[in-house]
Engineer: 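This is the structure, below, for whatever I ask next.
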Amino acid sequence: MAGTPYIVDRGVVLRETETKETDKILTLLTWEQGKIGVIARGARRKNCKFAAAAQPLAYAEWTLYQRKDWHYASDASTLDLFGGLREDLTALALGCYMAELAEAVCPEDVPAPELLRHLLNGLYALSALHKAPALVKPAFELRLLCLAGYEPLADACALCGKGDPENPVLDTAQGVLRCRDCGGGGGRPLCRDSLAALRHIVYGDPKRLYSFRLGEEPLRRLAAASEAFLHAQLERSFATLDFYKSIL
């Protein structure tokens with residue numbers, strides 16, 4: 001298209017919506033443009049040159065052009081389809097939930113490279129490293145909330161100041177740690193191991209986010225606290241989470 005300025009950017013497909021007979025509307029999270037809507041004309045045709053890149057959770061380099069409020073796809077080169085996800089329904093369902101979370105916290109047209117990096121690392125952990133979904137899920141949720149500005153205060157009890165609280169509880173409404181005996185209603189009980197894992201997720205090196213191990217009961221407590229904290233802070237439900245739970 002003569003005279004049209006093209007944009008080249010890499011990004012992950014967070015969501016697809018089928019429209020007309022052969023088109024798709026994609027929600028991409030990209031390095032330079034942030035979260036954008038892209039009209040991919042002909043993406044549902046079998047002979048479309050960028051059909052593989054235009055599927056959920058695909059990571060690709062896109063060539064785009066813009067008209068008014070919309071970006072349009074001109075071409076795309078696939079970088080990673082995260083094939084391990086597509087061989088495991090549980091991992092795929094969790095990947096879709098992670099994408100929906102990223103879409104929920106990312107504003108339109110604002111670069112969010114740390115959030116994109118977090119999503120890519122999570123998808124890679126599931127697909128290539130074959131990390132257990134039960135471990136990846138709370139780690140991804142908590143770290144995403146930190147990146148979105150909802151970091152919990154987990155270094156000490158918010159009421160008595162103890163660095164090693166007895167019977168620790170995560171107050172999911174206030175986003176603070178406290179001892180069970182320090183009062184305050186609600187919250188999710190943790191234990192020594194699940195608290196250590198939470199601190200690793202919140203304060204540790206992002207490159208080692210999924211490097212911890214937990215027994216069944218501490219992991220259950222961490223997962224319950226993480227999900228409750230997420231719902232308390234974002235105040236919404238997620239259809240992909242319901243699907244993920246339905247196939248466990």
Side-chain angles (χ1 to χ4, degrees), residues 29 94-95 97-107 110 112-126 129 131-236 238 241 244:
L29 180 56
L94 179 56
Y97 169 56
M98 291 157 58
E100 188 178 10
L101 284 180
E103 182 180 4
V105 303
C106 186
V110 177
E114 288 189 349
L115 184 57
L116 176 53
R117 186 175 295 108
H118 178 53
L119 176 59
L120 288 171
N121 288 343
L123 296 176
Y124 182 80
L126 288 171
L129 302 181
K131 293 288 186 178
L135 182 146
V136 171
K137 178 179 174 289
F140 183 87
E141 289 172 332
L142 286 167
R143 192 70 185 188
L144 175 131
L145 287 169
C146 293
L147 293 173
Y150 301 98
E151 181 177 313
L153 298 177
D155 55 338
C157 174
L159 298 178
C160 72
K162 283 185 180 179
D164 188 18
E166 298 177 11
N167 301 311
V169 172
L170 179 64
D171 186 323
T172 57
Q174 300 299 320
V176 299
L177 187 70
R178 58 177 172 80
C179 303
R180 185 182 63 186
D181 295 335
C182 280
R188 293 286 177 151
L190 299 170
C191 62
R192 183 182 299 273
D193 289 345
S194 53
L195 174 57
L198 185 147
R199 286 170 168 168
H200 166 82
I201 293 165
V202 173
Y203 302 125
D205 183 352
K207 295 180 181 179
R208 296 181 53 80
L209 180 62
Y210 304 106
S211 65
F212 66 94
R213 294 183 180 181
L214 278 181
E216 183 176 346
E217 179 59 20
L219 183 57
R220 185 194 66 77
R221 291 189 178 215
L222 177 68
S226 172
E227 189 173 311
F229 180 51
L230 184 140
H231 284 298
Q233 300 305 311
L234 300 187
E235 298 183 316
R236 55 161 291 182
F238 296 89
L241 176 59
Y244 171 71

Engineer: Does some side-chain heavy atom of Pro168 sit less than 4.5 Å from a side-chain heavy atom of Cys179?
Structural biologist: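 No, side chains not in contact.
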Engineer: Would you please name every residue forming a salt bridge (Lys or Arg N to Asp or Glu O under 4.0 Å) with Arg199, sequence neighbours left out?
Structural biologist: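 With neighbours one apart ignored, the set is empty.
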Engineer: Nearest 0.5 angstrom please: Leu116 CG to Leu147 CG, how far?
Structural biologist: 11.5 Å
Engineer: Determine yes or no for a side-chain-to-main-chain donor-acceptor pair under 3.5 angstrom, with Tyr203 supplying the side chain and Ala154 the backbone.
Structural biologist: yes
Engineer: Of all heavy-atom pairs between Leu126 and Gly95, which one has the smallest distance, and what is that distance?
Structural biologist: CD1-N, 4.2 Å
Engineer: Got Pro165 and Leu195 here, is their nearest side-chain heavy-atom distance under 4.5 Å?
Structural biologist: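 Touching, per the 4.5 Å side-chain cut-off.
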Engineer: Decide yes or no for Val176 and Pro152: does some side-chain heavy atom of the first lie under 4.5 Å from some side-chain heavy atom of the second?
Structural biologist: no
Engineer: Just wondering, are more than 12 heavy atoms of other shown residues or ligands nearer than 6.0 Å to OH in Tyr124?
Structural biologist: no
Engineer: Mind listing the closest non-hydrogen atom pair of Val136 and Gly122 along with its distance?
Structural biologist: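 Heavy atoms of Val136 and Gly122 come nearest at CG1-O, 4.5 Å.
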Engineer: Are the side chains of Tyr210 and Leu135 in contact, using a 4.5 Å heavy-atom criterion?
Structural biologist: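 Side chain of Leu135 against side chain of Tyr210, heavy atoms only: contact under 4.5 Å found.
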Engineer: Starting at CG of Leu214, measure out to OG of Ser194 and round the result to the nearest 0.5 Å.
Structural biologist: 7.0 Å
Engineer: For Arg236, check salt bridge (Lys or Arg N to Asp or Glu O under 4.0 Å) against everything at least two apart and list the hits.
Structural biologist: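 Residues passing salt bridge (Lys or Arg N to Asp or Glu O under 4.0 Å) with Arg236: Glu100.
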Engineer: Report the distance from atom CG of Asn167 to atom CG of Leu190, rounding to the nearest 0.5 Å.
Structural biologist: 10.5 Å
Engineer: Taking the six-membered ring for Trp, are Phe238 and Tyr97 parallel (under 30°), tilted (30 to 60°) or perpendicular (over 60°)?
Structural biologist: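 Correct class here is perpendicular.
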Engineer: Nearest heavy-atom pair of Val202 and Cys146: which atoms, and what distance?
Structural biologist: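 Shortest heavy-atom contact: CG1-SG, 3.9 Å.
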Engineer: Once you round to the nearest 0.5 Å, how far does CG of Leu145 lie from CD of Glu151?
Structural biologist: 10.5 Å
Engineer: Hey, could you give me the OH/CG distance between Tyr150 and Leu230, rounded to the nearest 0.5 Å?
Structural biologist: 9.5 Å
Engineer: With side-chain contact (heavy atoms from CB on, under 4.5 Å) as the test, would you mind laying out the steps for Leu119 and Leu115 before giving the verdict?
Structural biologist: CA-CA 6 Å; Leu119 176 59; Leu115 184 57; 6.0 Å; no
Engineer: Please check this pair: side chain of His200 against backbone of Arg208, looking for a donor-acceptor N/O pair closer than 3.5 Å.
Structural biologist: yes
Engineer: Is there a side-chain contact (heavy atoms from CB on, under 4.5 Å) between Arg213 and Asp193? Walk through the geometry before answering.
Structural biologist: CA-CA 9 Å; Arg213 294 183 180 181; Asp193 289 345; over 6 Å; no
Engineer: For the residue pair Pro133 and Tyr244, what are the closest heavy atoms and their distance?
Structural biologist: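 So the minimum-distance heavy-atom pair works out to CB-OH, 3.6 Å.
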Engineer: Locate the shortest heavy-atom distance separating Cys191 from Pro218; write the atom from each residue and the value.
Structural biologist: SG-CB, 3.8 Å
Engineer: Please say whether more than 12 non-hydrogen atoms of neighbouring residues, nucleotides or ligands are located less than 6.0 Å from CD in Gln233.
Structural biologist: yes
Engineer: Would you compute the distance between atom CZ of Arg188 and atom CG of Asp171 and round it to the nearest 0.5 angstrom?
Structural biologist: 12.0 Å
Engineer: Where the side chain of Ser226 meets the backbone of Ala223, is there a donor-acceptor pair that is under 3.5 Å apart?
Structural biologist: no
Engineer: What pairs of residues pass the salt bridge (charged side-chain N to carboxylate O under 4.0 Å, His left out) test when at least one of them lies in residues 137-149, not counting sequence neighbours?
Structural biologist: Lys137-Glu141, Lys137-Glu227
Engineer: Mind jotting down which residue pairs meet the salt bridge (charged side-chain N to carboxylate O under 4.0 Å, His left out) criterion with at least one end in residues 156-167? Sequence neighbours excluded, please.
Structural biologist: Lys162-Glu166, Asp164-Arg192
Engineer: Please name all residues satisfying salt bridge (Lys or Arg N to Asp or Glu O under 4.0 Å) with Arg117, sequence neighbours left out, ordered by chain then number.
Structural biologist: none
Engineer: Could you check if a side-chain atom of Leu222 sits within less than 4.5 angstrom of a side-chain atom of Leu142, using non-hydrogen atoms only?
Structural biologist: yes
Engineer: With sequence neighbours left out, what residues match Pro189 under side-chain contact (heavy atoms from CB on, under 4.5 Å)?
Structural biologist: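 side-chain contact (heavy atoms from CB on, under 4.5 Å) check on Pro189 returns Arg221.
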Engineer: Looking only at heavy atoms, which two atoms of Leu219 and Ala134 are closest? And how far apart?
Structural biologist: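 Minimum heavy-atom contact is CD1-O, 3.7 Å.
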Engineer: Is the shortest side-chain heavy-atom distance between Leu177 and Leu153 below 4.5 Å?
Structural biologist: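 Leu177 does not reach Leu153 side chain to side chain.
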